[in-house]
2 protein chains.
Amino acid sequence: MPAPLLPKDEVTARITGVFRRHGYEGASLSRLSKETGLGRSSLYHYFPRGKRDMGEAALAAAGAWIDEHAVAQLDSPGSPHARLARYAARMAEYYGDGRRACLVDLFGIGEAGALFRSQLRRRVKALLGKLAGVAEEAGVAPAAAARRAEDSLMAIQGALIVSRILGTRAPFRRIIQELPERLLHG
Amino acid sequence: MPAPLLPKDEVTARITGVFRRHGYEGASLSRLSKETGLGRSSLYHYFPRGKRDMGEAALAAAGAWIDEHAVAQLDSPGSPHARLARYAARMAEYYGDGRRACLVDLFGIGEAGALFRSQLRRRVKALLGKLAGVAEEAGVAPAAAARRAEDSLMAIQGALIVSRILGTRAPFRRIIQELPERLLHG
DNA sequence: GTCTATACGAAGATAGAC
DNA sequence: GTCTATCTTCGTATAGAC
């Protein structure tokens with residue numbers, strides 16, 4: 001048995017990158033093979049059901065990174081505003097300062113939508129609950145907190161799309177900057 | 001020469017529908033053929049460069065509909081608030097009350113992005129200018145008007161994504177409802 | 001765990017008859 | 001303008017050697 005060329009985590013990271021640049025259907029096995037440096041057979045060794053398993057792995061890896069680095073900030077010490085600012089900063093990092101796409105967008109439509117939408121829904125609902133919790137903790141009424149959590153998420157998703165089309169990071173950066181205020185004071 | 005099975009406008013409309021449901025790369029010629037009822041050769045008769053021309057036509061048709069039905073409301077009689085409300089209502093119609101995707105999202109990434117992003121950018125910039133103009137007309141300072149126009153667009157794009165993932169139209173409907181207020185009074 | 005080789009269908013696209 | 005037939009490339013997926 002030859003030694004692995006890359007640890008599986010690194011393979012998954014590169015696969016995730018391909019999905020984020022090309023979308024699910026645009027991520028062909030050739031591209032995935034080239035960008036991981038693994039032949040098709042090696043990819044099937046790691047991901048027996050092929051692209052479907054790769055999408056699953058990308059989703060899990062992205063979710064884990066966000067939970068560990070961004071969502072964790074919401075439970076860390078500090079004022080609600082400070083925690084939200086750290087959360088936003090980490091999300092900005094995840095999105096490559098607005099240059100990288102979100103799997104919630106890419107995997108929500110077409111063939112990928114059928115495969116992954118229910119998983120994404122669970123993750124999104126959990127995140128919305130977390131964000132609303134921070135707002136409530138800061139004294140925002142539950143209904144308003146839920147609304148603003150939803151607004152925060154929509155603002156980021158929309159900012160990614162608009163920044164991508166306009167070719168400028170400014171809208172994304174502004175939304176990240178404003179996130180704590182928007183959630184806490186509408 | 002046999003008579004056309006469908007007028008070209010109707011063909012384009014159906015093609016646009018396929019793109020909006022499956023994305024650019026997910027819209028295969030087979031699907032496009034099936035949903036238009038035209039064989040491949042007929043499609044190539046209308047769109048000599050194949051999918052690329054179909055994407056172009058979809059973009060043009062969508063842009064024309066939006067200009068004629070939604071953006072036109074911004075130049076029609078009535079208060080800024082009333083015009084924005086009519087604009088929002090027409091956009092909601094375009095988006096099938098939140099169930100149908102936006103080409104700015106779908107055509108912004110991957111292969112489609114390379115083909116269509118510059119066209120989309122022009123359209124988006126024009127729309128942002130129009131929206132900001134209405135806000136300025138209502139007394140909003142230029143910088144704030146530009147910011148809020150951007151916010152309005154991002155909110156709609158984000159609402160479409162979140163509504164799609166959550167499987168509920170409520171977030172989209174809320175954003176549509178709030179659009180005039182957000183643009184005019186932050 | 002990786003490789004080469006290959007199966008096999010679907011992809012986009014074209015030719016020529018009517 | 002539509003059809004059938006065809007072409008080539010690329011798609012996902014597998015087999016078997018090392």
Whether each nucleotide of nucleotides 9-16 of chain C has a protein heavy atom under 4.0 Å at its base (B), only at its sugar-phosphate (S) or at neither (-) is summarised, 5' to 3', as --SBBBB-

Can you name the residues that form a side chain to side chain contact (heavy atoms under 4.5 Å, CB included) with [X], not counting sequence neighbours?
X        : result
A:Ala149 : A:Leu128, A:Leu131, A:Ala132, A:Leu183
A:Ala70  : A:Ile66, A:Tyr87, A:Arg90, A:Met91
B:Ser41  : none

Note: contacts of residues 7-21 of chain A with DNA chain C (heavy atom, under 4.0 Å) are none

In whole angstrom, what separates [X]'s [atom1] from [N]'s [atom2]?
X       : N      : atom1 : atom2 : value
B:His45 : D:dG1  : NE2   : C1'   : 5 Å
A:Leu43 : D:dT12 : CG    : C1'   : 12 Å
A:Lys34 : D:dC10 : NZ    : C1'   : 13 Å

Test item: A:Arg182 and A:Ile175 side chains (from C-beta on) under 4.5 Å apart, heavy atoms: yes

Which donor-acceptor pairs under 3.5 Å do the side chains of residues 155-164 of chain B make with protein atoms, sequence neighbours left out?
unit_1	atom_1	unit_2	atom_2	d
B:Ser163	OG	B:Ala159	O	2.9
B:Ser163	OG	B:Thr168	O	3.3
B:Ser163	OG	B:Phe172	N	3.1

Filter on side chain to side chain donor-acceptor pair (under 3.5 Å), then keep only pairs touching residues 95-106 of chain B, sequence neighbours left out; what's left? B:Asp97-B:Arg173

Any pair with a residue in residues 126-138 of chain A that passes side chain to side chain donor-acceptor pair (under 3.5 Å), sequence neighbours left out, goes on the list, sorted by first then second residue, please. A:Asp75-A:Lys130, A:Arg83-A:Glu137

Just jot down the ring-ring contact (aromatic ring centres under 6.0 Å, His included) partners of A:His69, sequence neighbours excluded, or say none. A:Trp65

